[in-house]
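Here is how names work: the chains are called A, B, and so on, in the same order as the sequence lines, proteins then strands, and each is numbered from 1. Computation of the quantities below employed the complete heavy-atom set of this structure, encompassing side-chain atoms and omitting hydrogens, waters and symmetry-equivalent molecules. Fair warning: this is a prediction, and the values are worked out from it, not measured in the lab.
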2 protein chains.
Amino acid sequence: MGLGKGDIAERALELAKHADEVLVEKYSSFLEEGYMEWVEQKIGKKPKEVSREDLEQSAEKTVEMAREKEVVLLTPGDPLVATTHKILLDIADKEGIKTKVVHAPSAFSAAIGESRLSFYKFGPVVNIPYWQEHYKPTAFAKTIARNLELGLHSLVFLDINRQEGRPMKIEECVDILGKADATEKTGLFKKDPYVLIEANLGRDDQELMLTKLGLAAQLGKRLEGKILTLIFLSSIGVDEEGVKAFEVRDYQ
Amino acid sequence: MGLGKGDIAERALELAKHADEVLVEKYSSFLEEGYMEWVEQKIGKKPKEVSREDLEQSAEKTVEMAREKEVVLLTPGDPLVATTHKILLDIADKEGIKTKVVHAPSAFSAAIGESRLSFYKFGPVVNIPYWQEHYKPTAFAKTIARNLELGLHSLVFLDINRQEGRPMKIEECVDILGKADATEKTGLFKKDPYVLIEANLGRDDQELMLTKLGLAAQLGKRLEGKILTLIFLSSIGVDEEGVKAFEVRDYQ
């Protein structure tokens, strides 16, 4: 269904209109307020919400629904970015159940596009997850540091706080990154790269702000409640590409 | 407008329906046959085709149209992947002309999604251009080789043959890559990586085929006339991710 209200492909609406069953999952990302009501009105029926459990632990059972009936699953973003949805297709393939994917706008391409940076200068994408008692990953810090060394920008997605049903805050992200940086000695805070913060990407209230990593947490209040996508800028070629224009915008 | 017929966002159709002027560019990629006729019928007017010249050399003049009127520009793929469209926004910003971007499905996310590989294991994207008498770039071979060394997959887009109005053929791509490989001594053909070929991505006749680089050119006849997106697979983690399943499909 894409990023903001109305991003859904026209042919996806048509398929949902004529399907026997329409499901929707809302846990892999956040939908804009009022989006589902808008979809319901467009397709003339109320989609049935499926949980993470339905799509992960009970994936076989969910796929099985599509053996006799035409089932449409609506998802935020582009449907094949999340691993969960790929597994559904793998199961359907194995079971001989026919599937069809309708693509949608993804933060993956939209975030790079909105930065106006060159697509060819991005290294591997990074995800910053919450640290838990027995799960304290640090690989993302190494990937960002390696990208910087290679003159590549890093597109960074932030985790979802599932208990509180909200996106990760910029202060939390900086804190986790700081701990990973200290553990791995990646020197990220010492290098203090520019960070382009994209808030509510693809929505009408989208905002872009350029800051330094060391100053990013100060924007916490300003960014409260917003869904954030970050781009850590390699210093190479940034001026030339005009991204620094974002810096002078009135955002503080 | 995305990849295949009907990929266009519902809100893009609405904007076009109410715009004073609707433009369309068809040179940055290929539109599915019959797509424009379908769009025309949906929005109730015939978009005016703009050339590469209108959007590049005469970009200021084209942007100027939007000073007094509401102008919608329809583009293939996601509008901000091509540099041309970003420049239009830069000009509009400078001129104080308000713009709004509606995102769309892009080969950038759809190609990775359809491969069912992890998004986190892709290095920088690569574009393979035609060699010309005084322009024989080789950097793409180095990027693919570096990605392989780092255990990263490479998403590869192919050039458009503008004289003949057709996409680059797989034989041409292998030939150019071979020459760049020989010049740069990247050893790509010696390593002979798996290549996932995605033909007509996002369309109803989309096909995926896994082959080895050394054998790819043999698929020329089978792939004739199709738009190709390639993924050069790092050997790391390929079995685990189930991509080799594509290999057993009936495609030869």
Side-chain angles (χ1 to χ4, degrees), chain A residues 2-15 38 42 77-83 85-87 89-90 93 100-110 112-127 139-140 143 146-147 150 152 201-202 204 206 241-242 245, chain B residues 2-14 38 42 77-83 85-87 89-90 93 100-110 112-127 139-140 143 146-147 150 152 157 201-202 204 206 241-242 245:
Chain A
L3 304 161
K5 209 190 284 186
D7 264 0
I8 192 166
E10 212 276 345
R11 62 171 159 168
L13 281 179
E14 283 305 311
L15 285 172
W38 179 90
K42 281 277 170 187
D78 190 4
L80 295 188
V81 174
T83 308
H85 308 138
K86 295 184 199 181
I87 293 170
L89 293 189
D90 287 342
D93 283 357
K100 183 179 170 57
V101 176
V102 177
H103 289 282
S106 168
F108 196 66
S109 55
I112 298 179
E114 292 288 345
S115 77
R116 303 191 195 172
L117 290 161
S118 165
F119 272 73
Y120 304 105
K121 291 193 178 157
F122 277 77
V125 63
V126 161
N127 182 56
F140 52 85
T143 304
R146 188 182 64 189
N147 285 343
L150 294 173
L152 300 169
L201 179 71
D204 286 336
Q206 168 183 301
E241 294 177 81
Chain B
L3 303 162
K5 208 190 286 184
D7 264 1
I8 192 167
E10 213 276 343
R11 62 171 159 168
L13 281 179
E14 283 304 310
W38 180 88
K42 281 277 170 188
D78 190 5
L80 295 188
V81 174
T83 309
H85 309 137
K86 295 183 198 181
I87 293 171
L89 293 189
D90 287 341
D93 283 356
K100 183 178 169 59
V101 176
V102 177
H103 290 282
S106 168
F108 196 67
S109 55
I112 299 179
E114 291 288 344
S115 77
R116 304 190 194 173
L117 290 161
S118 164
F119 273 73
Y120 304 104
K121 292 193 178 155
F122 276 77
V125 65
V126 161
N127 182 57
F140 52 85
T143 304
R146 188 181 65 190
N147 286 343
L150 294 173
L152 299 169
F157 295 121
L201 180 70
D204 286 335
Q206 168 183 302
E241 293 179 83

Most contacts with chain A, counted as non-hydrogen pairs under 4.5 angstrom, among B:A110, B:G4, B:A82: B:A110
Examine whether an atom of B:F122 lies under 4.5 Å from a heavy atom of chain A, and if so say whether it belongs to the side chain, the backbone or both; otherwise answer neither. backbone
Using a cut-off of under 4.5 Å for heavy-atom pairs, which of B:V102, B:D78, B:V101 has the most such pairs with chain A? B:D78
I need the single residue from B:D90, B:L80, B:I87 that forms a side chain to side chain contact (heavy atoms under 4.5 Å, CB included) with A:R116. Which is it? B:D90
Could I get the full list of side chain to side chain contact (heavy atoms under 4.5 Å, CB included) partners for A:P124, not counting sequence neighbours? A:T143, A:R146, A:N147, B:L152
Select, from A:P105, A:A104, A:G113, the one with the greatest count of heavy-atom pairs under 4.5 Å involving chain B. A:P105
Counting heavy-atom pairs under 4.5 angstrom with chain B, the leader among A:K42, A:E14, A:H85 is A:K42
Do B:D204 and A:K100 come close enough that some side-chain heavy atom pair is under 4.5 Å? yes
If we only count heavy atoms from C-beta on, is the B:W38 to A:R11 side-chain gap below 4.5 Å? no
Interatomic distance, CZ@B:F157 vs OH@A:Y120, rounded to 0.5 Å, equals 7.0 Å
Check side chain to side chain contact (heavy atoms under 4.5 Å, CB included) between B:Q206 and all other residues, then give those that pass, not counting sequence neighbours. B:E114, B:L201, B:L208
Side chain to side chain, A:L150 and B:L150, heavy atoms closer than 4.5 Å: yes
Heavy-atom proximity to chain B below 4.5 Å, by part of A:K5: backbone
Keeping B:K86 on the side-chain end and A:L117 on the backbone end, is there a donor-acceptor pair under 3.5 Å? yes
So which of A:T83, A:I112, A:L89 has the largest heavy-atom pair count under 4.5 angstrom toward chain B? A:L89
Side chain, backbone, both or neither: which part of B:S109 has an atom under 4.5 Å from a heavy atom of chain A? both
